[in-house]
Visitor: 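Sharing a structure here in structure tokens format.
Worth saying up front: this structure is predicted, and the values here are computed from it rather than measured.
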Amino acid sequence: MVNFVSHKKITLLSRSPRRRRLLADMGFVFDVASPNADELIPPGLTPIEAAIHLSQLKADSAKSMLSDENILISADTVVFANNKILGKPKNRQEALQMLHMLSGNSHTVVTGVTLRTLEKSVSFAETTEVFFRKLDTDDIEHYVDTWQPFDKAGSYGIQEWIGLIGVEKIVGCHYNVMGLPTSRLYEELKKFDVFPC
């Protein structure tokens, strides 16, 4: 694997092990910090606006970490189904309800990303359409009770069992559904001159 030792120190603001793994798999050397932001979505925002808003809140919470030498990366993912924005489930019942809503239907996964240095801040979002087959109630309950997807928007991880047995197809970036649109992120980071010559 190529390791990118960038001109700037990269800090990923995320508690998500999936985002950490994806950024590492892209070859970046980076530090990790936990954002300290309330993930509240103001009413009236579109899914794209909501995802970008949440990523910006995370970046705002770490402004004190900025210096001339570093760049912050923050991201947040929302699921949009039945004209509702779905965040992370608060409990088992809410997780079950979300998965029953997604069962047999398509939904949109939106990940918002914010890149911030002292000089500038750029935010963008990517969308992916996900199609679930009709899921049995037993399968939904087994997944929620075994994998406990309470840290995942829409109550599921596409890389987990429910994705393996339930997702029929996707349109768009697979890694976006995991929480980080890797191809778009790579292109945006190039604009920040983070790569060695």
Visitor: Compare all side-chain heavy atoms of R21 with those of S16 and state whether any distance is below 4.5 angstrom.
Guide: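 No, side chains not in contact.
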
Visitor: If I take atom CE from residue M178 and atom CD from residue Q159, how far apart are they, to the nearest 0.5 angstrom?
Guide: 4.5 Å

Visitor: Is the shortest heavy-atom distance from the side chain of M98 to the side chain of Y156 under 4.5 Å?
Guide: no

Visitor: Looking only at atom types and distance, does a side-chain atom of R20 sit under 3.5 Å from a main-chain N or O of S14, one as donor and one as acceptor?
Guide: yes

Visitor: With a 4.5 Å cut-off on side-chain heavy atoms, are I162 and F132 touching?
Guide: yes

Visitor: Checking L189 against I71 for the side chain to side chain contact (heavy atoms under 4.5 Å, CB included) test, could you report, in this order, the C-alpha distance in whole Å, the side-chain angles of both residues, the deciding distance, and whether it holds?
Guide: CA-CA 10 Å; L189 282 170; I71 180 171; 3.9 Å; yes

Visitor: Donor-acceptor pair, distance only, cut-off 3.5 Å: does the side chain of R133 make one with the backbone of I165?
Guide: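 Between the backbone of I165 and the side chain of R133 there is a qualifying donor-acceptor contact (under 3.5 Å).
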
Visitor: Could you tell me whether the side chain of K58 and the main chain of A75 form a donor-acceptor pair under 3.5 Å?
Guide: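 It does hold such a pair.
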
Visitor: Please tell me if the side chains of L23 and L185 come closer than 4.5 Å, counting only heavy atoms from C-beta onward.
Guide: yes

Visitor: Can any side-chain N or O of T128 pair as donor or acceptor with the backbone N or O of C173 at less than 3.5 Å?
Guide: yes

Visitor: Kindly indicate whether the side chain of W161, heavy atoms from C-beta on, has any atom under 4.5 Å from the side chain of H142.
Guide: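 Heavy-atom side-chain distance check passes, below 4.5 Å.
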
Visitor: Might you point out which heavy atoms bring S123 and Q56 nearest each other, and give the distance in Å?
Guide: OG-NE2, 3.1 Å

Visitor: What about F124 and V177, same hydrophobic cluster or not, with Ile/Leu/Val/Met/Phe/Trp/Tyr joined at side-chain heavy-atom distances under 4.5 Å?
Guide: yes

Visitor: Answer yes or no: are there more than 12 heavy-atom neighbours, outside N36 itself, under 6.0 Å from its atom CG?
Guide: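 Atom CG in N36 is not crowded, with 12 or fewer foreign heavy atoms closer than 6.0 Å.
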
Visitor: Run the side chain to side chain contact (heavy atoms under 4.5 Å, CB included) check on I158 and I170 step by step: do they pass?
Guide: CA-CA 10 Å; I158 195 170; I170 69 169; 3.9 Å; yes

Visitor: Check for a donor-acceptor pair, side chain of T111 on one end and backbone N or O of P181 on the other, with a separation under 3.5 Å.
Guide: no

Visitor: Look up atom CG in L13 and atom CG in D60, then write down how far apart they are to the nearest 0.5 Å.
Guide: 10.5 Å

Visitor: For the atom pair NZ (K63) and CG (L118), what is the distance rounded to the nearest 0.5 Å?
Guide: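 Reported value, rounded in 0.5 Å steps: 11.5 Å.
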
Visitor: To check you understand the geometry: which heavy-atom pair defines the closest contact between S155 and P149, and what is its length?
Guide: O-CG, 3.1 Å

Visitor: Taking all non-hydrogen atoms of both residues into account, name the closest pair between I41 and A50 and its distance.
Guide: CG2-CB, 3.7 Å

Visitor: Test your reading of the model: is there a side-chain donor-acceptor pair from R19 to the backbone of L180, 3.5 Å cut-off?
Guide: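 Absent.
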
Visitor: Give, for atom NZ of K84 and atom CG of N82, the distance between the pair rounded to the nearest 0.5 Å.
Guide: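 Between atom NZ of K84 and atom CG of N82 there are 7.0 Å.
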
Visitor: Could you tell me whether the side chain of K152 reaches within less than 4.5 Å of the side chain of V79, counting heavy atoms only?
Guide: no

Visitor: Is there a side chain to side chain contact (heavy atoms under 4.5 Å, CB included) between E119 and D68? Walk through the geometry before answering.
Guide: CA-CA 8 Å; E119 294 80 27; D68 290 331; 4.1 Å; yes

Visitor: Is there a path of hydrophobic side-chain contacts, each under 4.5 Å between heavy atoms, that joins L66 and F30?
Guide: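 The answer is no; the residues belong to distinct hydrophobic clusters.
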
Visitor: Heavy atoms only: give me the nearest Y143-G157 pair and the separation to one decimal.
Guide: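 Looking at all heavy atoms of both residues, the shortest contact is OH-N, 3.0 Å.
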
Visitor: Rounded to the nearest 0.5 Å, what's the gap from CG on L54 to CG on L40? Could you check?
Guide: 8.5 Å

Visitor: Please report the shortest heavy-atom distance between I52 and S55, naming the atom on each side.
Guide: O-OG, 2.8 Å

Visitor: Does E187 pair with R184 as a salt bridge, N-O distance under 4.0 Å?
Guide: no

Visitor: If you measure from CD1 on I10 to CZ on F192, what distance do you get to the nearest 0.5 Å?
Guide: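 Between atom CD1 of I10 and atom CZ of F192 there are 11.0 Å.
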
Visitor: Is the shortest side-chain heavy-atom distance between L102 and L86 below 4.5 Å?
Guide: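 Heavy-atom side-chain distance check passes, below 4.5 Å.
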
Visitor: Are there more than 12 heavy atoms of other residues, nucleotides or ligands under 6.0 Å from atom CG of N91?
Guide: yes

Visitor: Side-chain heavy atoms under 4.5 angstrom apart, residues restricted to Ile, Leu, Val, Met, Phe, Trp, Tyr: same cluster for V78 and L45?
Guide: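 As far as the 4.5 Å side-chain criterion goes, L45 and V78 are connected within one cluster.
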
Visitor: Any idea which heavy atoms bring V113 and I73 closest together, and the distance?
Guide: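 Between these two residues, the closest heavy atoms are CG1-CG2, 4.3 Å.
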
Visitor: Say whether F131 and V167 are linked into one hydrophobic cluster, either directly or through other cluster members, by side-chain heavy-atom distances under 4.5 angstrom.
Guide: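 No, separate clusters.
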
Visitor: Check for me, please, whether V171 and I48 land in the same ILVMFWY cluster - side-chain distances under 4.5 Å, paths through other members count.
Guide: no

Visitor: Donor-acceptor pair, distance only, cut-off 3.5 Å: does the side chain of N105 make one with the backbone of S103?
Guide: yes

Visitor: In terms of heavy-atom contacts, does OH of Y175 have more than 12 from other residues, nucleotides or ligands at under 6.0 Å?
Guide: no

Visitor: Taking M65's backbone N and O only, do any of them form a donor-acceptor pair with N70's side chain (distance below 3.5 Å, no angle check)?
Guide: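 Here the side-chain-to-backbone pair exists.
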
Visitor: Do the non-hydrogen side-chain atoms of K169 and E129 ever get within less than 4.5 Å of each other?
Guide: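 No, their side chains stay 4.5 Å or more apart.
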
